[in-house]
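In what follows, a structure is listed as C-alpha cells, so that the remarks can point back to it.
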Amino acid sequence: MFFRGTTIQVRRTRRQFLQTALSAAPVAAMPALFSGCGGSSRKTPDSSLAQPFTLPSEANFPKGFFWGTATASYQIEGAWNEDGKGESIWDRFAHTPGKIKNGDTGDVACDSYHRWRDDIALMQAMNLNSYRFSISWPRIQPSGSGPANSKGITYYSRLVDALLKAHIRPMVTLYHWDLPQALEDAGGWPNRDLAGRYCDYVQLVTRAVGDRVNDWMLFNEPSAFVDVGYLEGTLAPGRQSIVDFLRASHVVNIALGEGFRALKAIHPAARVGTVLNMSACEPATSSDADKLAAERAHAIVNTWFLDPALRGRYPDAFTFLPESLMGIKSGDMEKTRAPLDFLGINLYYRTIASATGVLHRASHAQEWLFPVKMEGGQQGPKTDFGWEVWPKALYDVVMRVTRDYNRPVIEITESGCSYNEGPDAGGAIRDGRRIDYHRQYLAALARAISEGADVRGYHAWTLMDNFEWADGYSQRFGLAYVDFKTQKRTIKDSGRWYGKVAAENRLS
Ligand code: FCB
C-alpha cells in the first residue's frame with residue numbers, strides 16, 4: 001500500500017500474496033462489503049481536479065523555528081559489528097545476495113560511528129540548530145533484550161553531548177528500522193511480545209540520555225517498515241505475508257502506546273512524538289468511487305498508525321477490519337492510545353488514488369479488502385529516484401492534519417530529493433535542482449504556517465549522501481556529498497543555500 005520507486009512490480013507481488021493469504025484465512029467470517037467501492041473502470045484523469053496553487057516567493061519563519069537534517073543509524077553509521085553491536089535485520093538483509101542494488105551493504109556506510117565529529121562540523125557549517133538521528137537498537141541491546149551494551153550507550157551519549165555543545169538540538173528516533181535480528185528470529189513485529197521488548201529498550205535509552213535529550217520519536221514510518229518489510233518484502237526483513245502485515249501493524253500500534261508511557265514514566269517532561277510518512281491522497285477523477293478510494297488511501301497511508309494513538313481506533317481503510325487476523329484483543333485499543341506531544345511528518349510526494357472494479361474476494365483478495373489503486377503523480381518534475389516533485393502535497397497534508405486533529409504540534413521530520421550530481425572539475429557540487437525542491441517545499445510549508453498550522457521545524461533528508469535501503473548507494477539525497485571511497489564530505493550548493501535560509505530564518 002506504500003510505495004517506494006516503481007509501483008507496478010510491488011503491487012503485483014502484493015496482490016499475489018494477499019490472494020494466497022486471504023484465501024487461506026477464515027474468509028467465511030468476512031462480511032461481503034462491496035457497497036460504494038465497485039463499478040468503476042479505468043478513467044482518464046479529470047483535469048478540473050488540478051487546482052491552481054500559489055507559493056509565496058519569500059517568507060519569514062516563526063521565531064525559534066528549528067532548521068535541521070535527518071539521518072538514520074543503519075544508513076550512516078557503519079561499524080556494523082563493532083563494540084559489541086548485535087546483528088540487525090538490515091545487516092542480515094543486506095548480506096543476503098540479491099536484496100540490495102549492486103550488492104551494497106551498510107557495513108561501512110558513511111562511517112559516522114567514527115566520523116561523527118566531522119558530521120557535527122558539517123551541521124555547524126550549515127548553521128543548523130536541530131539534528132534528527134536514530135539509535136540503533138542492536139547497538140544498545142545486541143540480542144534484543146537484557147542489559148545495555150555500555151559501548152553503544154557511550155557512543156550516543158558523546159554524540160548528544162557534542163550536539164548540545166554545538167547548540168544543536170538532539171532529536172532522537174528510537175526505531176528507524178534496524179530491529180535486532182534475534183527479535184526477528186523470535187517472530188519479528190507480528191509477535192506481540194515485541195511491544196514489551198520495545199518498552200524495555202526505550203527505558204534503557206531514556207535512562208542513559210534522557211537527562212540531556214528532550215525530544216523523542218517512537219517510530220520512523222511504521223507504514224514503510226510494516227508494509228514494505230512484511231507484505232511487499234523489498235525492505236528488511238523481506239517477508240511477504242498479509243497476515244504478518246496485519247499483525248505487525250497492531251503490535252507496532254500497541255508498542256507505540258506502551259512505549260509512550262514507558263518513556264514518560266522515566267522522563268515525564270520529555271516531548272514524545274512519532275514520525276509518519278504521509279502523502280496527499282488525491283482522487284484520480286471527480287467520481288464518487290475515486291473520492292472514496294482517496295479517503296481509503298488517506299486512511300491506510302496517513303492515519304493507520306495515527307488514529308490508534310490519538311483516537312483509540314483504526315480508520316476505515318479496508319472494506320472491513322479483520323480484527324482476528326490482526327490479533328486485536330479486548331482492551332487493546334486503550335493500550336494503543338497515546339496523547340503524542342507532536343507529530344513528525346515525512347513527506348516527499350503525493351498519491352493518486354482510484355477505485356478498482358467489482359471483484360470477487362477469492363480471486364482478487366487485495367482489491368476486495370482494499371479496493372484502491374495507488375500511483376504516484378505524473379504532472380510534476382521527477383527526481384532521479386522517480387518521485388514526483390509536488391510541493392502542494394506538503395501544504396495539503398499539513399493543513400488536513402491541522403484540521404482533523406485539532407491543530408497538533410507538527411515537526412517536518414523529513415523531506416528531500418535524490419539527485420545524483422557529483423563534483424565538477426573544480427570540486428563543487430552544483431545541485432540547483434535540490435535547491436529548487438527545498439525552496440518550493442519550504443514555501444508551501446510557510447503558506448501552511450501562515451494559515452494556522454503549528455509547525456516547529458523542518459529537517460531536510462538528509463545531512464549527507466548515504467545508504468538508501470534497497471537502492472544501496474545509487475541514490476544521493478544529501479546536502480553534503482560523500483565520496484564513499486575516501487569518506488570525504490563536501491557541502492553541496494544546496495547545503496550552502498540551506499545554511500543561509502537557516503541563518504536568516506527566512507526564505508528569500
Ligand atoms: C524515508 C526514510 C528515510 C529515507 C528517505 C529517502 O522513507 O524514512 O530513511 O530512506 O525515505
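Numbering of ligands and ligand atoms starts at 1, following listing order.
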Would a line drawn from the ring center of [X] to the ring center of [Y] be shorter than 6.0 Å?
{"X": "Phe66", "Y": "Tyr458", "answer": "no"}
{"X": "Trp189", "Y": "Phe219", "answer": "yes"}
{"X": "Tyr348", "Y": "Trp461", "answer": "no"}
{"X": "Tyr74", "Y": "Trp137", "answer": "no"}

- [ ] Out of Tyr348, Phe477, Phe467, indicate the one that has the non-hydrogen atom closest to atom 5 (C) of ligand 1.
- [x]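 It is Tyr348 that holds the nearest heavy atom.
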Task: Rounded distance [0.5 Å steps], CD in Glu411 versus CZ in Arg271 - done: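 Reported value, rounded in 0.5 Å steps: 5.0 Å.
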- [ ] Please round to the nearest 0.5 Å and tell me the distance separating atom NZ of Lys101 and atom OH of Tyr473.
- [x]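 Those atoms lie 14.5 Å apart.
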Is the closest N or O pair between [X] and ligand 1 shorter than 3.5 Å?
{"X": "Trp461", "value": "no"}
{"X": "Trp387", "value": "no"}
{"X": "His176", "value": "yes"}

Which ligand 1 atoms are under 4.0 Å away from a heavy-atom of [X]?
{"X": "Gln75", "result": "3 (C), 4 (C), 9 (O), 10 (O)"}
{"X": "Trp469", "result": "3 (C), 4 (C), 9 (O), 10 (O)"}
{"X": "Glu414", "result": "1 (C), 2 (C), 3 (C), 5 (C), 8 (O), 11 (O)"}

- [ ] Compare every heavy atom of Gly229 with every heavy atom of Pro237, then report the nearest pair and how far apart it is.
- [x]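 Reported closest heavy-atom pair: CD-O, 3.6 Å.
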Task: Test item, Asn220 contacting ligand 1 (heavy atom, 4.0 angstrom) - done: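 True for this residue.
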Open item on the list: Heavy-atom pairs closer than 4.0 Å: do any link ligand 1 to the side chain of Thr462, the backbone, both, or neither?
Closed with: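 None of Thr462 does.
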